[in-house]
Structure formats: C-alpha cells, structure tokens
J.: 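If you scroll down you'll find the structure; I have some questions about it.
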Amino acid sequence: MVVPVHGDVSIRWCDRVCLSIINGAFNEAGMARWFELVQQHWQQQGEPTEWASVLDMQHWQGRTPECEALMREAVAWSMAHGLRFRILLLERGPDNIYFKLTQKANPVIPPNSNIAICQNYDEVVEALQQHGFSVSRECLMP
C-alpha cells in the first residue's frame, strides 16, 4: 500500500543557509520527503561543512506521531553533516505553543542544540548574523 505524502515543503539555499518552507500537516511520508530533499540540496551545495538551517513553519499545521523517529534521524544527520545553527520561524500562536510543549514533553531536538525561535524574517537575519552567517532578508524571503 502506498501512503500518500501529507505536507508540502520547498527548499533553497542562500550561501550557507538552507531554507525549508514547510506547509500543511505532515505524515511520515511527508517528513521523509522533506529529509530527502534536504540531503539532496546539501549535496548539490557541495556538502558544506558548516551551515545553518531555517525552518519557515508559518504555515505548518503539525505532524503525526509517526514522524518522531524520522525527525530525530534528520536532526542527528544534519548535526553530523555540518549543521551549526537551526532557526525555527514560528509566529506567536498555537503552532508555537504546540512545538514548545511537544519539544519539552518529548524532545526531538537535543537540548544541547544551537537553536533559536524567531517570529519574522528580520529576526531570522539578525540571529543568523550573530552566528556568523551573512545572508540578506531578500535572499531568504519566499
């Protein structure tokens, strides 16, 4: 039985920053597709040894519990392959609260990770610059 992909993602790179724009509710197949795309784009960028990830989750609608193992695998892979800083772009509201509660109750991202939660692209650019990643707002904006 083929499981349909739920959740949509687009990925692009700006210098050493991988931007994933995440839309909808994700099932395991959707999460697997996102992880596969990140790996492909990382390879196409020449397998950078130091990079940052921005997850634009402004139109994210959650995930199924089956995604957890794959999310942990994606986090471990990215950290082992040069990820130095991760930003979650989440506006204040239910999605932000949901993420924080699930991360606290059942962490997917290790506590020692270098991570920031930003509410808009201006904050994203500022956080990236503070961590040595020079990128413009115009490059990141979808």
Side-chain angles (χ1 to χ4, degrees), residues 3-142:
V3 177
V5 172
H6 290 265
D8 180 55
V9 65
S10 64
I11 296 177
R12 71 173 183 274
W13 282 72
C14 296
D15 191 27
R16 297 180 302 133
V17 177
C18 178
L19 172 65
S20 298
I21 300 171
I22 298 172
N23 295 298
F26 280 73
N27 65 357
E28 189 174 15
M31 189 64 60
R33 179 69 183 136
W34 167 76
F35 185 29
E36 177 184 307
L37 287 171
V38 168
Q39 291 173 315
Q40 286 174 1
H41 283 259
W42 176 80
Q43 288 174 333
Q44 291 168 359
Q45 290 295 13
E47 300 181 2
T49 57
E50 283 197 1
W51 55 285
S53 171
V54 176
L55 299 174
D56 181 337
M57 301 173 70
Q58 295 180 92
H59 300 287
W60 173 66
Q61 296 172 342
R63 61 172 170 78
T64 61
E66 295 80 21
C67 293
E68 282 183 27
L70 189 54
M71 290 173 66
R72 284 189 180 92
E73 182 182 337
V75 167
W77 177 89
S78 60
M79 292 175 74
H81 288 84
L83 180 70
R84 297 294 175 255
F85 184 48
R86 178 183 320 270
I87 295 177
L88 305 179
L89 177 55
L90 281 168
E91 294 176 352
R92 285 190 179 115
D95 291 341
N96 192 314
I97 293 167
Y98 173 77
F99 174 79
K100 288 178 180 179
L101 288 175
T102 58
Q103 177 64 20
K104 186 174 182 175
N106 193 8
V108 172
I109 300 171
N112 62 338
S113 297
N114 193 3
I115 187 170
I117 298 177
C118 297
Q119 293 182 52
N120 57 56
Y121 276 97
D122 290 331
E123 288 181 12
V124 168
V125 169
E126 184 178 328
L128 286 168
Q129 289 174 348
Q130 289 174 356
H131 286 82
F133 295 94
S134 182
V135 65
S136 70
R137 187 178 194 276
E138 292 74 26
C139 183
L140 289 176
M141 286 298 294

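Residue numbers start at 1 and run along the sequence shown.
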J.: Of all residues at least two apart in sequence or in a different chain, which pass the side chain to side chain contact (heavy atoms under 4.5 Å, CB included) check with N120?
T.: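 Applying side chain to side chain contact (heavy atoms under 4.5 Å, CB included) to N120 gives D122, E123.
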
J.: Is the shortest heavy-atom distance from the side chain of I11 to the side chain of W34 under 4.5 Å?
T.: yes

J.: Return the minimal non-hydrogen interatomic distance between A127 and F85, and the atom names on each side.
T.: O-CE2, 3.6 Å

J.: From E68 CD over to R72 CZ, what is the distance, rounded to the nearest 0.5 angstrom?
T.: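 Output value for this atom pair is 5.0 Å.
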
J.: State, to 0.1 Å, how close M79 and R84 come at their nearest heavy-atom pair, and which atoms those are.
T.: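 Closest heavy-atom pair between M79 and R84: O-NH1, 4.0 Å.
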
J.: If you look only at distance, which donor and acceptor atoms sit under 3.5 Å apart when one is on a side chain in residues 36-49 and the other is two or more places apart or in another chain?
T.:
{"unit_1": "E36", "atom_1": "OE2", "unit_2": "R33", "atom_2": "NH1", "d": "2.7"}
{"unit_1": "E36", "atom_1": "OE2", "unit_2": "Q40", "atom_2": "NE2", "d": "3.4"}
{"unit_1": "W42", "atom_1": "NE1", "unit_2": "P48", "atom_2": "O", "d": "3.2"}
{"unit_1": "W42", "atom_1": "NE1", "unit_2": "H81", "atom_2": "O", "d": "3.3"}

J.: So do R12 and I21 actually touch side chain to side chain, heavy atoms under 4.5 Å?
T.: yes

J.: Under 4.5 Å between any side-chain heavy atoms of L89 and Q58, yes or no?
T.: yes

J.: Measure the OG-CG distance between S53 and L88 for me, rounded to the nearest 0.5 Å.
T.: 8.0 Å

J.: For Q129 versus V135, what's the shortest heavy-atom pair and its separation?
T.: NE2-O, 3.9 Å

J.: Check L90 against M57 and note the closest heavy-atom contact, atom names and distance.
T.: CD2-CB, 3.5 Å

J.: Applying side chain to side chain contact (heavy atoms under 4.5 Å, CB included), run through L83 and W51 and close with a yes or a no.
T.: CA-CA 5 Å; L83 180 70; W51 55 285; 3.7 Å; yes

J.: Taking all atoms of both residues into account, what is the closest heavy-atom pair of F26 and M31, and its distance?
T.: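 Nearest heavy atoms, F26 then M31: CD2-N, 3.8 Å.
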
J.: Checking C18 now: which residues fulfil disulfide (SG to SG under 2.5 Å) with it, not counting sequence neighbours?
T.: none

J.: Looking at CZ of R137 and OH of Y121, how far apart are the two atoms once the value is rounded to the nearest 0.5 Å?
T.: 9.0 Å

J.: Grab the two heavy atoms, one from I87 and one from C118, that are nearest each other, plus how far apart they are.
T.: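 Taking I87 first and C118 second, the nearest heavy atoms are CG2-SG, 3.7 Å.
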
